[in-house]
Amino acid sequence: MSAFLAIVRRELSSYFASLTGYILIACVLFLIGFTITDLLERLNQESTDVPVTEMFYQTWYFWLILLLASPLITMRTFAHERSSGTFETLMTAPVRDIEVVLAKFASALLFHLLLWMPLFLCVLIVRYYANDTTAFGPPLLASAFLGILLLGGLYMSMGCFASALTRSQIIAAVVAFVLGAGLFLLSFRSLFGIPRLGSSAKILGYVSMIEHMQDFVRGVLDTRHVAFYVTLTVFFLFLTLKVVESRRWR
Amino acid sequence: MNDGAMIEASGLTKRYAGHPAIDDLSFTVARGEIVGILGPNGAGKSTTLRILAGYLPATSGFARVAGFDVFSQSLEVRRRIGYMPENNPLHLDLRVREYLLFRARLKGLGGRRMRERIDCVLEQCDLADVRHSMIGQLSLGYRQRIGLADALVHEPELIILDEPTLGLDPNQIRAVRQLIKDLGGYHTVLISTHILPEAEMTCQRVLILHEGRILAADSPENLQQHVGSRGQVTAEIAAPAAALREFLEGLDGVAHFNVAPLDGEFLRCALTPLPGLDLRPALFAAVRDRGWTLRELTRSRPTLEDIFVHMTRDIQEEEAG
């Protein structure tokens with residue numbers, strides 16, 4: 001456990017030791033600011049019964065941030081250690097492979113959540129000035145936060161997997177982006193694709209992240225969605241672990 | 001615990017894509033020994049050390065460190081070793097003390113003992129002055145010592161250093177060698193190097209590796225005797241040339257000799273003895289009895305370099321013939 005915490009600490013500090021972390025935070029902050037401005041304008045134009053979190057989500061900035069920031073957060077995790085050679089000193093220290101994978105995943109996820117924190121601050125500010133507090137109820141915010149957590153977990157685990165495959169951070173970022181964007185685009189097939197009957201439409205409906213997220217931001221907690229993200233995250237972490245272990249049987 | 005062997009390797013083989021990097025290595029290292037693995041680049045030194053450190057698995061054969069199998073009990077082994085890989089990779093974005101704190105935590109140290117150990121290795125490796133400097137801004141000499149400090153911080157039983165003096169200047173090399181020598185006794189040390197005098201100076205025993213196989217494993221002195229039994233004797237003697245030649249012709253055990261005039265009345269004699277003989281006492285006795293003057297008497301000691309060239313040449317001749 002102390003090794004796990006040591007790695008988490010080191011990983012988190014590495015985001016702030018280089019400029020990468022600050023630039024990411026600044027860019028995401030900029031996009032969130034945009035979103036909030038958009039949102040306030042819409043709120044001023046007409047009255048609506050749509051929750052604020054859903055309105056935020058409908059601006060699509062959410063997906064832009066998720067798809068673009070995730071590969072940049074995770075590209076460093078394993079690829080950098082491999083290219084600088086520190087992977088060897090790490091793996092010859094008395095730490096289990098799974099501790100390394102989980103610690104790197106956990107720190108990427110923590111940083112990802114940190115990126116989203118300004119959003120909740122903005123929502124709280126809007127709530128302060130709006131007279132109607134029910135539109136910003138804690139359950140709604142918690143559900144939206146859970147959605148960000150679960151989607152973030154999945155994208156971080158895919159990113160860790162991509163990073164473990166290579167020693168080049170660029171390749172790691174590209175692979176992670178392709179995986180993430182690919183999964184995201186599947187939901188378009190079910191939303192806007194040719195309406196199909198039968199099992200394929202049903203399956204596409206299950207993996208549609210846009211629909212999942214729509215539920216989360218409305219405050220609907222569907223265990224199917226939770227199970228979907230948790231299993232996929234575990235699956236990618238398992239793959240990452242196997243890649244890390246592969247040096248022992250290659 | 002077993003018979004006190006720190007490292008036991010048997011039939012260790014590693015193939016990369018079918019090509020053997022090391023081939024059937026068997027050796028043991030006793031506790032407290034300083035052992036050097038010597039060999040040219042690509043001889044399989046780093047591969048051997050990586051297997052022992054639990055980073056790579058062997059294709060076949062087994063190795064035990066302190067009685068634990070390096071593959072199936074890797075974690076137990078890794079707790080007991082301090083390993084510094086080749087080129088000594090470090091986190092360049094950390095400060096020296098931060099890095100050592102991270103590494104110490106990773107190795108399960110904590111609390112007061114961790115801080116004591118870090119202060120201790122900072123002192124030991126002469127890093128106290130730079131403890132708050134960024135590693136990326138330090139010179140190679142410092143970085144190498146940071147790697148050493150990392151290897152030592154958890155007081156491992158076995159220290160494995162891959163080319164510890166690579167890229168250092170002569171003063172730094174001397175300091176690192178002294179440090180390694182001081183470690184012997186408390187720790188078992190296994191170092192690899194392609195610089196032969198280094199092994200000669202620091203190691204009690206050397207394994208000579210060539211193309212993945214062990215050519216020789218012995219103390220530097222014994223290896224020297226083995227090859228150096230035909231060591232040439234050089235003497236500078238002031239004596240009548242004819243008398244000297246006559247004496248040398250009559251001396252037992254001389255394969256052949258050569259006498260050349262030097263300055264004044266001194267003559268330079270170069271004697272090649274028959275294998276296994278030392279001609280120096282006989283030569284000295286003759287000079288004393290006859291009242292000649294002796295100003296130099298040396299027997300050439302082959303360096304490990306000679307031994308190495310000698311052995312690898314033998315191998316190549318065998319393969320050619």
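To find a chain, count down the sequence lines: A is the first, B the second, and so on, and within it residues start at 1.
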Between E81(A), R96(A), E88(A), which shows the greatest number of heavy-atom pairs under 4.5 Å with chain B?
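Option with the greatest count: E88(A).
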Reported [atom1]-to-[atom2] distance for the pair [X] and [Y], which is rounded to 0.5 angstrom:
X: H91(B); Y: H80(A); atom1: NE2; atom2: NE2; value: 8.5 Å
X: M91(A); Y: R50(B); atom1: CE; atom2: CZ; value: 13.5 Å
X: L56(B); Y: R247(A); atom1: CG; atom2: CZ; value: 8.0 Å
X: L90(B); Y: S84(A); atom1: CG; atom2: OG; value: 9.0 Å

More than 12 heavy atoms of other residues, nucleotides or ligands under 6.0 Å from [atom1] of [X]: yes or no?
X: L179(B); atom1: CG; result: yes
X: I170(A); atom1: CD1; result: no
X: E123(B); atom1: CD; result: no
X: F120(A); atom1: CZ; result: yes
X: Y16(B); atom1: OH; result: yes
X: F16(A); atom1: CZ; result: yes

If you look at every heavy atom in [X] and [Y], which pair is closest and at what distance?
X: L106(B); Y: A93(A); answer: CD2-CB, 3.9 Å
X: T92(A); Y: Y55(B); answer: CG2-CB, 3.7 Å
X: P89(B); Y: G85(A); answer: CG-O, 3.1 Å
X: D93(B); Y: S14(A); answer: OD2-CB, 4.0 Å
X: R78(B); Y: V95(A); answer: NH1-O, 3.0 Å

Please flag which part of [X] lies under 4.5 Å from any non-hydrogen atom of chain B: side chain, backbone, both or neither.
X: E99(A); result: neither
X: R9(A); result: side chain
X: L5(A); result: neither
X: A17(A); result: side chain
X: F4(A); result: neither

Under a 4.5 Å heavy-atom cutoff, which of G54(B), A151(B), P85(B) has the most pairs with chain A?
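When all of G54(B), A151(B), P85(B) are compared, P85(B) has the most.
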Please identify, among V77(B), L94(B), N88(B), I81(B), the residue contributing the most non-hydrogen atom pairs under 4.5 Å to chain A.
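That would be L94(B).
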Between F71(B) and chain A, which part of the residue has a heavy atom less than 4.5 Å away: side chain, backbone, both or neither?
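Backbone plus side chain of F71(B), per the 4.5 Å heavy-atom cut-off to chain A.
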Is there a side-chain contact between M84(B) and T89(A), using heavy atoms and a 4.5 Å cut-off?
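The answer is no, as the side chains (C-beta and beyond) never meet within the 4.5 Å cut-off.
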For a 4.5 angstrom cut-off between non-hydrogen side-chain atoms, does R105(B) reach S2(A)?
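The answer is no; the side chains never approach within 4.5 Å.
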Look at the side chain of R10(A) and the backbone N and O of Y99(B), then say whether any donor-acceptor pair between them is shorter than 3.5 Å.
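Judged by distance alone, no pair lies under 3.5 Å.
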